[in-house]
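First comes the structure, then the notes that go with it.
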Number of protein chains: 2
Amino acid sequence: MSKTLPFRQAPIPLKASCHTCSLSKLCLPLAVNETDLESLEDIVQQGRIYNRGEHIFDQSTSFRSCFAVRSGAVKTSIVSEDGEEQITGFFLPGELVGLDSMSGDFYACTAKALERTSICEFPVQKLEELTSRLPDLQHHMYQLMSQEIQHSHQLTMLLSKNTAEERIAALLLSLSSRFQRRRLSGIRFSLPMARNDIANFLGLAVETVSRVFTRFQNQGLIRARGREVELLDIPALQGVSRELSRQVCP
Amino acid sequence: MSKTLPFRQAPIPLKASCHTCSLSKLCLPLAVNETDLESLEDIVQQGRIYNRGEHIFDQSTSFRSCFAVRSGAVKTSIVSEDGEEQITGFFLPGELVGLDSMSGDFYACTAKALERTSICEFPVQKLEELTSRLPDLQHHMYQLMSQEIQHSHQLTMLLSKNTAEERIAALLLSLSSRFQRRRLSGIRFSLPMARNDIANFLGLAVETVSRVFTRFQNQGLIRARGREVELLDIPALQGVSRELSRQVCP
DNA sequence: GTTAAAATTTGATCAGGATCAATTTGGACG
DNA sequence: CGTCCAAATTGATCCTGATCAAATTTTAAC
């Protein structure tokens with residue numbers, strides 16, 4: 001495949017360095033002090049790089065680990081008996097994927113890279129041992145899972161009570177604030193997902209998403225060209241979304 | 001208030017007895033062995049009885065405990081900025097309320113008794129200390145929270161992809177199997193919640209719920225009189241709901 | 001660069017369920 | 001037992017967003 005490389009690619013380093021990771025204030029390390037960070041590093045494995053569209057795991061993969069996004073973006077989805085897919089979340093760097101799978105022997109969802117993505121792997125067995133030893137880390141895990149429940153409930157309300165415009169405004173604002181927390185622009189950014197994914201996640205048809213985007217554009221709320229988006233009038237968008245003080249997904 | 005009682009009501013016993021509780025195979029005790037059960041009993045408090053409509057906590061209550069339903073039923077709901085309510089779950093005996101609140105200083109939702117209900121209280125601080133000591137209990141907590149995330153995702157899919165009939169069939173089947181697991185009839189039972197609650201939970205109008213109930217009745221799928229329901233043709237209901245191998249809420 | 005396939009946009013029509021309105025039923029309580 | 005209020009049902013109409021269809025743009029592959 002790679003004719004230019006005379007040797008096999010170097011084996012992936014087993015140990016990731018949370019110390020030097022710029023996400024340590026967002027990711028799991030935020031819950032452990034300097035001395036315990038090494039214990040966490042001992043169990044983390046630097047995962048490989050996934051290209052756009054590659055599966056990280058699916059519902060037939062036996063559950064072994066949770067994954068932190070290091071760079072890129074991930075979507076998770078579940079599939080119903082009749083084959084319909086429902087996207088359950090979009091995950092940005094520093095966010096933990098797989099918390100919904102900590103019961104049962106297989107992953108409860110499918111995780112797919114939305115763009116070129118690198119991840120860190122936390123084997124749950126070791127993670128559970130570690131959280132037993134480190135109460136702060138255990139507490140943080142409870143918090144993370146609790147937040148994921150909350151966000152899912154927010155999404156439920158969004159789907160249950162809000163119009164197409166409100167849903168899309170809420171998603172744009174959620175992405176905006178999450179990018180901002182990562183020291184990226186919350187005004188101008190590149191959507192990690194396709195229109196189709198947005199539609200699926202928000203319980204809409206693609207056509208509706210497309211129409212709302214153009215409507216927002218005509219109203220001067222956003223400027224969108226493909227996946228590139230610029231939020232021109234955030235207060236107005238907040239007015240449209242009416243609620244969702246917290247974000248709509250992790 | 002209670003003129004007939006010569007003395008104040010006896011103080012509520014601080015310690016609940018999981019040993020003698022018929023729900024111990026459903027509730028938290030299922031995760032601990034005989035010897036550790038006492039540690040769990042040490043932290044559990046027998047809560048008081050709530051009448052229909054009484055609040056157990058709301059979003060302005062500072063978070064202190066999770067609650068297990070002992071008898072009766074509980075609904076949880078969140079309220080958006082503009083005052084709209086969204087019911088996020090119905091909880092039956094043996095189920096744990098408050099897992100969504102384990103981050104932040106206040107409860108993330110409001111919990112209200114749907115009928116005369118008794119509960120057991122687990123102060124989270126003590127619970128976290130205990131789960132640190134008992135890996136099996138910690139593991140079980142992760143499982144419970146993970147399941148709650150899964151169920152919420154299932155609900156998301158239901159709201160996003162399914163018709164009114166499918167949603168209602170799914171809810172009836174979920175209740176049925178949950179009653180059955182509690183050794184109650186899964187065929188004939190009393191709905192703990194009003195039509196309004198069903199509508200709110202499933203993202204429908206009350207009128208729609210009512211119409212679907214009568215339609216199901218005319219098709220011979222169910223017999224319903226007020227809150228009393230009899231499932232006459234479960235396979236047909238499963239056909240209607242098409243999916244939801246797992247239940248739609250805890 | 002050229003071509004094929006996928007994603008996005010735009011238009012026209014249709015339907016499921018919301019909304020508005022009016023009864024009817026049922027339950028709590030004096 | 002009758003009264004009153006909330007819950008549930010039923011009917012008629014309307015609207016948001018789905019669906020079907022087609023054009024256009026973007027992306028990927030060669």
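The structure displayed is predicted, hence computed values, not measured ones. Each chain gets a letter, A, B and so on, in the order its sequence line appears, and its residues count up from 1.
Protein atom CG of Asn51(A) is 17 Å distant from nucleotide atom P of dT27(D), rounded to whole Å. Taking atom CD of Glu115(B) as the reference point, atom C1' of dA28(C) lies 18 Å away to the nearest angstrom. For the pair Phe216(A) CZ and dT9(C) P, the computed distance is 14 Å after rounding to whole Å. Between Ile198(A) atom CD1 and dA7(C) atom P the separation is 14 Å, expressed in whole Å. Asn162(A) has its CG atom 15 Å from the P atom of dT16(D), to the nearest Å. Counting to the nearest Å, the C1' atom of dT16(D) and the CG atom of Leu202(A) are 16 Å from each other. Counting to the nearest Å, the C1' atom of dG17(D) and the NZ atom of Lys161(B) are 14 Å from each other. Put simply, CG on Leu159(B) is 15 Å from P on dG17(D), counting in whole angstrom units.
Test Leu144(B), Val97(B), Leu99(B) against Cys66(B) for side-chain contact (heavy atoms from CB on, under 4.5 Å) and you get one pass: Leu99(B). Applying side-chain contact (heavy atoms from CB on, under 4.5 Å) to Leu191(A) and the options Leu175(A), Leu171(A), Asp197(A), Leu114(A) leaves one that passes, Leu175(A).
The aromatic rings of Phe57(A) and Phe67(A) sit parallel, their planes meeting at an angle under 30°, below the 60° perpendicular limit.
Under 4.0 angstrom from either OP1 or OP2 of dA18(C) there lies at least one side-chain N or O belonging to Thr208(B).
Using a 4.0 Å cut-off between a side-chain N of Lys or Arg and a carboxylate O of Asp or Glu, Glu166(A) and Lys161(A) do not qualify as a salt bridge.
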message: Go through it in stages, so that I can follow the logic: the residues are Arg48(B) and Glu54(B), the test is salt bridge (charged side-chain N to carboxylate O under 4.0 Å, His left out), and I'd like the CA-CA distance, side-chain angles, deciding distance and then a yes or no.
response: CA-CA 11 Å; Arg48(B) 66 180 186 81; Glu54(B) 274 193 279; 3.3 Å; yes
Verdict with supporting geometry, Ile234(B) and Gln238(B), side chain to side chain contact (heavy atoms under 4.5 Å, CB included): CA-CA 6 Å; Ile234(B) 291 187; Gln238(B) 287 166 337; 3.9 Å; yes
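Residue Gly53(A) is classed as having no contact, given no heavy-atom separation below 4.0 Å to the nucleic acid.
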All N/O contacts under 3.5 Å from nucleotides 4-9 of chain D to the protein, with atom names and distances to one decimal?
unit_1	atom_1	unit_2	atom_2	d
dA8(D)	OP1	Arg195(B)	N	3.3
dA8(D)	OP2	Arg195(B)	N	3.2
dT9(D)	OP1	Arg195(B)	NH2	3.4
dT9(D)	OP2	Arg195(B)	NE	3.0
dT9(D)	OP2	Ser210(B)	OG	2.9
dT9(D)	O5'	Ser210(B)	OG	2.9

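Under a cut-off of 6.0 angstrom, the local environment of CZ in Arg188(A) is sparse, with at most 12 non-hydrogen atoms contributed by other residues, nucleotides or ligands.
Residue Leu204(A) is the one, among Leu204(A) and Arg225(A), whose nearest nucleotide of DNA chain D lies closer to the 5' end (criterion: closest heavy atom). Residue order along DNA chain D, read from the 5' end via each residue's closest nucleotide, puts Ala164(A) first among Ala164(A) and Arg52(A).
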